[in-house]
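Below is one structure; the comments refer to it alone.
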Amino acid sequence: MDFSRLFFLGVCLFALFLFPINGIRLFTEKVTEKGFGMSMELLEAPEYQNGAECPILSRSSFFFSRSDPLLVHIAMTLDPEYLRGTMAAVHSVLKHSSCPENIFFHFLASDSSSVRPNDFIPLLHSAFPSLSFRVYEFKESLVNNLISSSIRQALENPLNYARIFLADILDPSIRRVIYLDSDVIVVDDIHKLWRISLSGSRTIGAPEYCHANFNKYFTSQFWSDPELAGVFVGKRACYFNTGVMVMDLGRWREGEYTREILKWMKVQKERRIYELGSLPPFLLVFGGDVEAIDHRWNQHGLGGDNVVDSCRNLHPGGVSLLHWSGKGKPWARLDAKKPCPVDHLWEPYDLFRKPEQKSLSSSL
């Protein structure tokens with residue numbers, strides 16, 4: 001072994017010794033799950049701990065109750081194709097949280113995927129040994145017959161509609177949840193988003209974009225029918241992205257909003273009133289009655305639009321959450337060695353074990 005290689009290994013060992021908490025550790029053995037289409041090798045994230053100012057959770061034996069009011073509840077989906085994004089998103093939430101041990105993740109996985117819901121559990125434990133979470137089975141039969149073709153095939157995935165059923169799937173004692181898409185990175189304390197209040201009877205909160213052309217989200221057939229278009233009469237309905245939402249599940253259950261959204265999906269199958277996946281039903285039910293959250297909590301569109309994978313800059317203003325909505329995903333562009341500038345902001349949270357890391361691990 002030549003001197004330069006020895007020196008490089010020495011520097012790496014020194015760094016691991018000097019930064020044992022803040023550094024990301026390599027797995028000592030390979031993590032492989034059948035059905036992922038590849039050997040899924042991940043790095044183990046640092047163990048992020050609560051600060052002294054964090055409230056102490058009430059515990060029963062070793063486990064705490066998921067209904068503890070001090071918990072922050074986050075819901076996400078687990079899709080083998082987007083799993084790398086989900087793991088990076090979880091990593092970012094924990095890294096920037098003031099009280100990471102007070103966060104509970106609810107993961108929804110399809111019952112019809114090549115990967116069974118329980119197969120995700122050891123993978124999550126390996127990457128995040130101290131993570132508090134539960135994996136739920138989402139039955140695709142709930143929506144299979146209601147999904148119509150979209151402008152992008154990925155938007156037809158039944159798991160995209162799982163967020164509609166959160167109030168039914170999660171325990172009734174859980175009355176509030178933050179929903180996050182798999183292609184986001186949180187760069188601020190998630191507790192700030194959690195503490196945002198939903199005024200009046202509002203059921204969801206999300207950044208709104210009232211400058212967007214709202215009419216384009218529905219077909220001419222919709223707007224030419226007074227009975228259908230009448231749903232927005234008297235409302236100032238604005239576009240909002242459903243990839244980041246604060247949801248009051250108690251109000252959702254009381255308003256039976258799952259049934260309302262499914263009703264519009266049935267209309268869509270009969271009349272073709274929109275073209276864009278799971279978003280329009282949310283606009284139909286909640287448009288004009290959304291708690292407007294600061295735009296910093298959804299810097300969306302970083303993946304280009306739904307047809308073209310193009311590079312985009314950040315919107316003006318502060319940034320708390322980056323969202324690669326659109327066709328392009330940062331991990332795919334980085335692997336293809338054709339990244340956009342914003343993709344390098346995602347890269348530090350990536351837990352995918354890269355070839356050079358494998359080589360270093362085997363040498364050590």
Side-chain angles (χ1 to χ4, degrees), residues 65-77 93 102-108 133-134 136 138-139 142-143 146 159-181 184 186 190-210 214 217 230-268 277-295 297-298 300 320-321:
S65 170
R66 285 191 293 271
S67 61
D68 192 310
L70 298 177
L71 279 177
V72 171
H73 294 278
I74 299 175
M76 303 184 72
T77 58
V93 169
N102 292 15
I103 299 175
F104 194 98
F105 284 88
H106 304 267
F107 296 111
L108 279 61
F133 70 90
R134 180 180 174 184
Y136 304 77
F138 173 66
K139 298 184 182 302
L142 291 169
V143 293
L146 295 174
L159 206 53
N160 284 335
Y161 296 82
R163 70 198 82 184
I164 298 170
F165 298 90
L166 283 171
D168 306 304
I169 296 173
L170 272 56
D171 190 274
S173 63
I174 299 170
R175 298 185 59 84
R176 185 180 177 92
V177 71
I178 295 172
Y179 176 82
L180 297 177
D181 269 350
V184 308
V186 178
I190 198 70
H191 290 78
K192 296 178 183 177
L193 182 60
W194 178 257
R195 288 193 291 265
I196 291 174
S197 59
L198 304 180
S199 59
S201 60
R202 287 175 173 161
T203 302
I204 64 174
E208 286 189 305
Y209 303 89
C210 295
F214 192 79
Y217 294 101
V231 70
F232 295 122
V233 171
K235 297 180 178 180
R236 185 173 182 262
C238 299
Y239 161 76
F240 64 93
N241 183 285
T242 57
V244 181
M245 296 185 289
V246 179
M247 307 172 69
D248 187 315
L249 299 183
R251 293 174 185 171
W252 185 291
R253 295 174 184 121
E254 292 167 5
E256 298 183 330
Y257 290 121
T258 299
R259 186 179 68 177
E260 289 297 305
I261 290 177
L262 294 178
K263 180 187 75 175
W264 281 110
M265 291 176 67
K266 292 175 183 176
V267 173
Q268 160 73 353
S278 61
L279 169 64
F282 272 86
L283 299 179
L284 287 161
V285 173
F286 297 108
D289 195 23
V290 173
E291 186 71 33
I293 293 175
D294 194 299
H295 288 178
W297 284 103
N298 196 348
H300 69 294
S320 293
L321 183 146

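When a residue number appears, it is its place in the shown sequence, counting from 1. None of the values given here were measured: they were computed from a predicted structure.
With contacts defined as side-chain heavy-atom distances shorter than 4.5 Å, the pair Tyr209/His295 qualifies.
Here Glu254 does not pair with Arg251 in a salt bridge; the nearest charged N to carboxylate O distance is not below 4.0 Å.
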What's the verdict on side-chain contact (heavy atoms from CB on, under 4.5 Å) for Tyr161 and Leu146, showing C-alpha distance, side-chain angles and the deciding distance? CA-CA 10 Å; Tyr161 296 82; Leu146 295 174; over 6 Å; no

Given Val246 and Trp194, is the side-chain contact (heavy atoms from CB on, under 4.5 Å) satisfied, shown in steps? CA-CA 7 Å; Val246 179; Trp194 178 257; 5.8 Å; no

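Here the closest heavy-atom approach between residue Glu291 and residue Leu198 is recorded as CB-CD2, 3.7 Å. Nearest heavy atom pair, residue Ile174 against residue Leu249, reads O-CD1, 3.6 Å. Scanning both residues, Tyr179 and Leu166, for their nearest heavy atoms gives CD1-CD1, 4.0 Å. Of all heavy-atom pairs between Met76 and Asp181, the closest is CE-O, 3.4 Å. When all heavy atoms of Arg253 and Ala167 are compared, the closest pair comes out as NE-O, 2.8 Å. Summarising the geometry of Met247 relative to Trp252, their closest heavy-atom pair is CE-CZ3, 3.6 Å, with the distance given to 0.1 Å.
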Anything under 3.5 Å between a donor and an acceptor, one on a side chain of residues 234-245, the other on a protein residue two or more places apart or in another chain? List them.
from   : atom 1 : to     : atom 2 : distance (Å)
Tyr239 : OH     : Asn241 : ND2    : 3.3
Asn241 : OD1    : Gly243 : N      : 2.7
Thr242 : OG1    : Arg163 : NH1    : 3.1

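With sequence neighbours excluded, the residues forming a side chain to side chain contact (heavy atoms under 4.5 Å, CB included) with Ala162 are Thr77, Leu108, Phe138, Leu159, listed by chain and number. In terms of the salt bridge (Lys or Arg N to Asp or Glu O under 4.0 Å) criterion, Arg195 has no residue partners (sequence neighbours excluded).
A donor-acceptor contact shorter than 3.5 Å is absent between the side chain of His106 and the backbone of Phe133.
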